[in-house]
Amino acid sequence: MRTIRALITAAVALTAIAAYGQKPLEDIGQAYDRLVASLYTGGNIVSQTKENYPGWSRTEVSFAFPAKKSKLISDYNSTLFDWSAKAYSSFVKRAGANDNSQMNIAWGEGNRQQTSFGSWPDRNYNIQFIRDCKDSTMRYAYALVWYVRNDSLLGSVDRYYGKDPRMSSHRTMTYGYNSKGRKGTWIIDKSNGSLYGPGISIDDKGVYINGTRYSDYADRDGEWAVDGSGDVYGPGISIDDKGIYIDGKKYSDYPLPTLQSEMKKLQNELDNIQLKKKIKNSTDFVNQFNNLHIFYSSLCSSYKDYKKCKGDEQTGQLMIMNLMVAVLNKANDMCSNYYNVINTPAKKFIASQLNAMADESKDQYIGDAFKAMAKELLSKAD
């Protein structure tokens with residue numbers, strides 16, 4: 001493992017000691033990852049496609065297993081139904097329904113690609129569209145398709161992430177800086193008076209902050225305005241770094257986090273990914289490694305070359321790189337100390353994930369370290 005340690009040391013030398021990143025995926029995302037991991041360890045995956053790029057990603061997994069072992073799918077289907085209350089759009093269709101409706105999910109760069117669901121009358125569909133609570137211009141689409149053929153349960157579980165196409169086509173972007181220096185992107189729908197911003201959305205149903213509903217807000221006519229400091233003014237409402245006010249009444253504090261508070265929050269996220277329970281088998285390993293990979297992908301999506309940045313932005317990018325190295329160290333610890341509890345198929349699966357993480361890496365030293373780790377793990381496969 002000397003080569004890996006040398007590469008890790010070289011990567012660490014590039015970073016500042018801090019933490020920066022994104023919030024972990026919500027429960028529905030974790031449920032998706034657990035399902036995919038269970039399908040893999042059970043040998044039920046027929047095919048898998050995974051792409052991660054800045055601004056969008058997609059994972060499509062086709063599965064097959066005996067129909068009598070359908071609990072995995074029924075449990076996930078229940079989870080999707082549980083989240084339908086928070087979804088801004090849903091599509092549910094049962095096999096045999098006299099219904100020709102279909103649903104398209106746009107994905108890829110500029111949402112130029114589309115996948116269509118609902119055309120097969122003998123299949124069940126459950127699709128939920130959920131906004132990213134950190135960036136309300138972005139959305140996740142979770143799609144479950146399943147059907148029975150002879151004694152087998154067949155189908156697919158897919159996840160797409162990207163810009164909400166309706167926002168990009170119907171809304172106007174306005175940029176500004178609040179008094180604490182955080183850049184905010186406010187998206188205004190002039191057709192209905194709705195507004196979306198960093199962690200907040202306001203429409204005729206209410207005011208939502210990070211997915212939590214704070215108040216009713218009756219639809220009313222009027223124009224939204226955003227000043228140079230990022231403060232927002234609309235029909236009877238104002239938002240600044242002190243709070244949200246509707247008709248002069250303060251509804252909530254709205255502290256826009258500083259760089260230091262973001263660092264602390266996101267360091268806690270990485271801490272939560274650490275070994276909270278001992279890895280005893282392949283399932284434990286794959287589940288924990290998948291969480292680590294998700295976190296790393298989010299870091300790569302946020303990272304820009306720190307040498308091309310200045311001031312707080314440069315500091316923030318160095319912090320992101322530092323977390324990337326922390327993920328590298330964590331992956332190395334898992335592969336060095338727990339490789340003996342995972343079977344050969346799992347070793348090959350983890351090695352493929354390590355190579356994928358290397359491809360996602362925007363720093364050569366970190367990418368080379370992941371590749372060396374994958375090679376080392378494959379050498380230990382039976």
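Excluded from the calculations below are hydrogen atoms, water molecules and symmetry mates; all remaining heavy atoms, backbone and side chain alike, are included.
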- Do the ring centers of Phe91 and Phe117 come within less than 6.0 Å of each other? no

- Under 30°, 30 to 60°, or over 60°: which ring-plane class applies to Tyr140 and Tyr161, parallel, tilted or perpendicular? tilted

- What is the distance from atom NZ of Lys93 to atom CG of Asn100, rounded to the nearest 0.5 Å? 6.0 Å

- Query: Checking Lys347 side chain against Ile342 main chain: does a donor-acceptor pair fall under 3.5 Å?
  - Reply: yes

- Going by atom types only, do Asn126 and Gln128 share a side-chain donor-acceptor pair under 3.5 Å? yes

- Item | Test side chain to side chain contact (heavy atoms under 4.5 Å, CB included) applied to Phe349 and Asn290, step by step | CA-CA 11 Å; Phe349 175 71; Asn290 278 347; 4.1 Å; yes

- Query: If you draw a 6.0 Å radius around CD in Gln102, do more than 12 non-hydrogen atoms from other residues or ligands fall strictly inside?
  - Reply: yes

- Audit row: Ser101, Asp99, side-chain hydrogen bond (donor to acceptor under 3.5 Å, both in side chains) steps and yes/no: CA-CA 6 Å; Ser101 62; Asp99 180 1; 2.8 Å; yes

- Query: Mind checking whether Asn77 and Trp146 have side chains closer than 4.5 Å, heavy atoms only?
  - Reply: yes

- Item | Salt bridge flag under 4.0 Å for residues Arg159 and Asp33 | yes

- Determine whether Leu378 and Lys348 make a side-chain contact, defined as any pair of heavy atoms from C-beta on separated by less than 4.5 Å. yes

- Task: Return the orientation label for the Trp56 and Trp107 ring planes: parallel under 30°, perpendicular over 60°, tilted otherwise.
- Result: tilted

- Once you round to the nearest 0.5 Å, how far does OG of Ser336 lie from NZ of Lys380? 5.5 Å

- Are Tyr142 and Trp83 connected in a single hydrophobic cluster, I mean Ile/Leu/Val/Met/Phe/Trp/Tyr linked by side-chain heavy atoms less than 4.5 Å apart? yes

- Got a second to check how far Leu377's CG is from Met334's CE, nearest 0.5 Å? 10.5 Å

- Task: Test side chain to side chain contact (heavy atoms under 4.5 Å, CB included) on His293 and Glu360 and set out the steps.
- Result: CA-CA 10 Å; His293 189 179; Glu360 294 171 38; 2.8 Å; yes

- Message: Would the distance check show the side chain of Asp122 and the main-chain N or O of Ala95 forming a donor-acceptor pair, the cut-off being under 3.5 Å?
- Response: no

- Within-4.5 Å side-chain heavy-atom neighbours: Phe63 and Leu72: no

- Query: More than 12 heavy atoms of other residues, nucleotides or ligands under 6.0 Å from CG of Asn150: is that the case?
  - Reply: no

- Message: Determine whether a donor-acceptor pair (N or O, by modelled atom type, separation under 3.5 Å) exists between the side chain of Asp363 and the backbone of Tyr365.
- Response: yes

- Same cluster for Tyr76 and Ile45 if Ile/Leu/Val/Met/Phe/Trp/Tyr side chains link at under 4.5 Å? yes

- Task: Could you check if a side-chain atom of Leu354 sits within less than 4.5 angstrom of a side-chain atom of Cys335, using non-hydrogen atoms only?
- Result: yes

- Item | 4.5 Å side-chain heavy-atom contact, Met357 and Met373 | no

- Query: Would a distance-only check, ignoring hydrogens and angles, find a side-chain to backbone donor-acceptor pair under 3.5 Å from Lys371 to Ala358?
  - Reply: no

- Looking at Tyr88, does the NZ or CZ of Arg131 lie under 6.0 angstrom from its six-membered ring centre and within 45 degrees of the ring axis? yes

- Is it true that Tyr339 and Leu292 fall in one hydrophobic cluster, defined by side-chain heavy atoms closer than 4.5 Å? yes

- Does Ser282 reach the main-chain N or O of Asn343 with its side chain, forming a donor-acceptor pair under 3.5 Å? yes

- Message: Would the distance check show the side chain of Thr41 and the main-chain N or O of Ser38 forming a donor-acceptor pair, the cut-off being under 3.5 Å?
- Response: yes

- Message: Ignoring hydrogens, what is the shortest heavy-atom contact between Asn287 and Ala37? Give both atom names and the distance.
- Response: OD1-CB, 3.1 Å

- Query: Would you say the side chain of Leu35 lies within less than 4.5 Å of the side chain of Val61, judging by non-hydrogen atoms?
  - Reply: no

- Distance col, row Phe289:CZ vs Asp284:CG, nearest 0.5 angstrom, shows 15.0 Å

- Message: Test side chain to side chain contact (heavy atoms under 4.5 Å, CB included) on Lys362 and Asp305; report intermediate values, then the result.
- Response: CA-CA 8 Å; Lys362 297 182 180 179; Asp305 187 350; over 6 Å; no

- With distance as the sole criterion, is a donor-acceptor pair present between the side chains of Ser156 and Glu60 under 3.5 Å? no

- Thr115 side chain reached by Asp158 side chain, heavy atoms, under 4.5 Å: no

- Message: Can you tell me how far apart OG (Ser352) and NZ (Lys50) are? Round to the nearest 0.5 Å.
- Response: 8.5 Å

- Note on the structure: dist Ile127:CD1 -> Ser84:OG (nearest 0.5 Å) comes out at 13.5 Å

- Hphob cluster co-occupancy, Tyr160 + Tyr53, side-chain heavy atoms under 4.5 angstrom: yes

- side-chain contact (heavy atoms from CB on, under 4.5 Å) partner of Leu153, chosen from Ser70, Pro66, Ser74: Ser70

- Query: Would Met103 end up clustered with Tyr147 when hydrophobic side chains under 4.5 Å apart are linked, directly or stepwise?
  - Reply: no

- Without hydrogens or angle criteria, can the side chains of Thr79 and Tyr32 be said to hold a donor-acceptor pair below 3.5 Å? no

- Item | Heavy-atom check, side chain of Ile105 versus side chain of Phe129, under 4.5 Å | yes

- Please report the closest heavy-atom contact between Lys163 and Asn111, naming both atoms and the distance. O-ND2, 2.9 Å

- Task: Take Tyr125 and Trp120 through the test side chain to side chain contact (heavy atoms under 4.5 Å, CB included) and record every step on the way to the result.
- Result: CA-CA 10 Å; Tyr125 298 88; Trp120 294 88; 3.3 Å; yes

